[in-house]
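I have placed the structure first, in the form of structure tokens, so that the comments after it can refer back to it.
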Amino acid sequence: MALKLKKNKKQIKGVDDQTYLTLKEERAISKANMRVMKEFERKKRRENVDPSEYLTKMRDPNNVVEFDNLHTFFFTDVGTTRAVNGVSFDVPTGKTVGIVGESGCGKSVTSLSLMQLVQAPQGQIVEGSIRYKATDGKVYDIPKVPMNEMLHIRGKEISMIFQEPMTSLNPVFRIGRQLDEVVMLHVPDSTADSARKRSIEMLKTVGIADGERVYESYPHELSGGMRQRVMIAMALICDPRLIIADEPTTALDVTIQAQILELLRNIKDKINGSIMLITHDLGVIAEMADQVVVMYAGRIIEEGTVREIFHSPKHPYTVGLMLSKPRVDQGVDRLYSIPGQVPNPINMPDHCYFYNRCERAMPVCLGPYPDLIPFSDTHRAACLLYDEAAMARQAELDREATVEDVSAASERGEVE
Amino acid sequence: MDNSSILVVENLKKYYYGGGIGKNRVAVKAVDDVSFSIERGTTMGLVGESGCGKTTVGRTILRLHDVTGGKVSFKGRDLAKLSKRELRRMRPQLQMIFQDPYSSLSPRMPVGEIIGEAVREHNIVPADQYRQHIMKVMRSCGLQPQYFSRYPHEFSGGQRQRICIARAVALNPDFIICDEPVSALDVSIQAQILNLMQDLQDEFGYTYMFISHDLSVVEHISDTIAVMYLGSIVEIGDKESVFDKPSHPYTKALLSAVPVADPDYRMNRIVLAGDIPSPANPPSGCKFRTRCPYAMERCAKEVPVLANIDDGHEVACHLFDDEVAAYNAKVKGDISA
């Protein structure tokens, strides 16, 4: 059997579309990566950095966060993965911004970049800025903030609710201790008693009736929904300006999901903060978000208000995504499915990343990556279908093609 | 039962025994008195929250877990009573597709071997046609035949789920249990897999039991739907009656909790309070009463039984006594007339 298989492999090699690296190539890549990563890490670990280096100004004072041409790359042994490749959008104060996309599109990495929590040293913010306006009016450029300074922002000013409440809580400490830790770290002059009071108060805010009992429990004693409530309590305990919710309900049942979404909505009004909601569920986005950002393969392909995105989606990917989700209130015989799969993040093409899956792809799409084209003040999409210059170029190409066809045909004597 | 049913489950029970000895033994009733039947060539959707026993039902039918009580007749034979040898002979006809395509494929086997192992074991096709058969199955599942000697780690989630489907389909089964086959996949890939499963059903006439917590997916693929809560079925019926006229308070809450991808769509959401109770210590009477907005005194004492409120639509709830009586009267009238 083994021999037979070996033979097959040889036969198949010609048709194989996957390329493998040799050991030598791999070693060269990892050596180059090492150099780059060391440089980035050294910059991050500096101490006594002059604040003027990382303090900047906001473009629009109504925003909490502004992402500006953010690039976050992962330097892996098989090549550089461009997880986030030029992302720009704003999070206004008091609003919920939803980020949708399939797994691997860079939505989580975008939010982790904001927290400086990208898996280091492989993952590094290589270009662009993230401006964050703190409570005291200072504006930080997050990628330039050194590590020790970041400790005062992370968890206090910006906090995060993670996807998996099972794995985000430490199983060996009681809930109370894990909550108190946050208070003791971030609230000056806090004592064990005041921290305990604050923790129990917070547990009650997130809808846990017997806060005292939960305070004394271990994570395994709680159900999934309760654990997610604890995670939310932990995120809110320091009154953050911005909450990043990374797939907060994906691991939960629908009835519990409804509870948690309701809770998030109420809490946003209570603390007057902003929420960055990351999810792949369009239903959750429609319900929660004010503004929507659709990402594909590390880039924003469409953004707009929730009504613009859901009522008049422009990019073929957004349209496909909407159609491929079965809906309870509408029956269809056959689901629309986007053919193919997300391209390999290493060796991304120069043209539109959606080209090989797009039903409306044209030869002109093989040109440079399309810019975001505005439809209104808020609605923009990156597709050449809406670019007049590109469409004119495409028409030109079509004309040439038909002329060629006709001349070829006349040569063969088919046209009189 | 009528001949069109391929699988008839009657009073299926599966208890797990926890601590305690003798009389004090604690039984966790994972599946408690579940009955339903599936017609040949159709799909039954089984929905419920995590921990309601829907996966256990699927696994118990296949005898991956032993049956505590009840009958599972597949094509007229009781699977629960088959000996090991007989069961093994039945196995190719009953297949399963598992939830997580990342952990259900052996990382040490090439794809062709994963799909073909059981085919060879059960002598489904003569040895000289083995390779052709596998290639044919792979093609019909949307896998290119040159993937034959690749390993699972080289594939994406959607492709892996196709391998899992191919593995089940390769044995020419009649009945496939799909345990959350698309919940680990992205939306655009989900649609591809659901379409593939429908195409295969149209072509080969498979019968599916589709276990999922995602109501929109179940609604899309199923013909009949059973809603489970804490080990029992609370509502069962054809798709139209369950989704258009959800009757049990739990079904209503479940349906209203599904977020709809339309910002202007506002539904009267029924948000259930609290969590699902522990199956080791379920509430007395109706198991849903602790979270039910309509709970009455009677619910704590009497256990509601599944009864018809309409043709092919059964509900287990005390609220529907009048409807049940009306339906019974109607049926009686029809018979006497």
Side-chain angles (χ1 to χ4, degrees), chain A residues 1 5-6 8-9 11-12 15-18 101-104 223-226 249 252-259 261-262 280-289 305-307 309-311 317 320-329 331-342 357, chain B residues 48-52 110 112-113 144-150 154 156-159 185-196 198-199 213-221 239-240 243 250 253-265 267 269-276 291:
Chain A
M1 192 65 212
L5 271 179
K6 221 173 185 178
N8 293 333
K9 217 165 198 172
Q11 282 173 354
I12 288 159
V15 238
D16 232 319
D17 50 351
Q18 200 163 336
E102 295 179 271
S103 46
S223 66
M226 288 290 245
T249 56
L252 306 175
D253 284 313
V254 268
T255 55
I256 308 296
Q257 169 173 295
Q259 291 174 6
L261 292 182
E262 183 108 357
H280 64 264
D281 191 334
L282 290 165
V284 173
I285 288 279
E287 209 166 283
M288 299 287 295
T305 64
V306 68
R307 288 215 166 70
I309 295 285
F310 280 90
H311 292 324
Y317 176 68
L321 214 55
M322 305 262 175
L323 289 176
S324 56
K325 171 109 181 123
R327 277 180 64 163
V328 173
D329 59 337
V332 281
D333 282 343
R334 202 179 159 77
L335 286 175
Y336 174 81
S337 70
I338 304 174
Q341 43 200 304
V342 185
R357 298 178 77 187
Chain B
E49 290 177 274
S50 47
C52 74
E113 182 63 17
Q144 289 168 28
Q146 70 249 33
Y147 293 160
F148 194 86
S149 46
R150 292 261 197 94
E154 301 176 55
S156 63
Q159 295 280 43
L185 306 175
D186 276 316
V187 190
S188 73
I189 309 298
Q190 232 178 47
Q192 289 176 12
I193 297 295
L194 288 176
N195 284 341
L196 169 68
Q198 275 182 326
D199 292 343
H213 67 269
D214 190 336
L215 283 144
S216 45
V217 170
V218 168
E219 197 253 350
H220 177 74
I221 202 159
K239 176 167 79 183
E240 288 75 24
F243 273 86
Y250 179 63
L254 211 56
L255 270 175
S256 78
V258 180
V260 173
D262 184 347
D264 291 331
Y265 187 90
M267 200 187 242
R269 173 153 297 170
I270 309 163
V271 176
L272 290 178
D275 286 311
I276 191 164
R291 299 172 79 193

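Fair warning: this is a prediction, and the values are worked out from it, not measured in the lab. Quick note: numbers below take in every heavy atom, side chains included, and nothing from hydrogens, waters or symmetry partners. In what follows, chains carry the letters A, B, and so on, assigned in the order in which the sequence lines appear, proteins first and then strands, with residues in each chain numbered from 1.
- In this structure, A:Gln259 contributes its side chain and B:Leu272 its backbone to a donor-acceptor pair below 3.5 Å.
- In this structure, chain B has a heavy atom under 4.5 Å from the side chain of A:Glu262, while its backbone stays farther away.
- Of the atoms belonging to B:Glu219, it is side-chain heavy atoms, and not backbone ones, that fall under 4.5 Å from chain A.
- For the atom pair CD1 (A:Ile338) and CD (B:Gln192), the distance works out to 8.5 Å, reported to the nearest 0.5 Å.
- Neither the backbone nor the side chain of A:Tyr317 comes within contact range of chain B; no heavy atoms are under 4.5 Å apart.
- Nearest heavy-atom pair across A:Asp281 and B:Pro259 is OD2-CG, 4.5 Å.
- When side chains are defined from C-beta on, A:Glu287 counts as touching B:Arg269, because their heavy atoms get closer than 4.5 Å.
- Looking only at distances, no side-chain donor or acceptor of B:Asn195 sits under 3.5 Å from a matching main-chain atom of A:Arg334.
- Contact annotation for B:Glu49: both backbone and side-chain heavy atoms come within less than 4.5 Å of a heavy atom of chain A.
- Among the candidates A:Gly224, A:Ala258, A:Gly283, the residue making the largest number of heavy-atom pairs closer than 4.5 Å to chain B is A:Gly283.
- Only the side chain of B:Val271 comes within contact range of chain A, judged by heavy atoms closer than 4.5 Å.
- Side-chain contact between A:Glu102 and B:Val187: absent, with no pair of heavy atoms (C-beta onward) separated by less than 4.5 Å.
- Here the side chains of A:His311 and B:Asp262 are in contact, with some heavy-atom distance below 4.5 Å.
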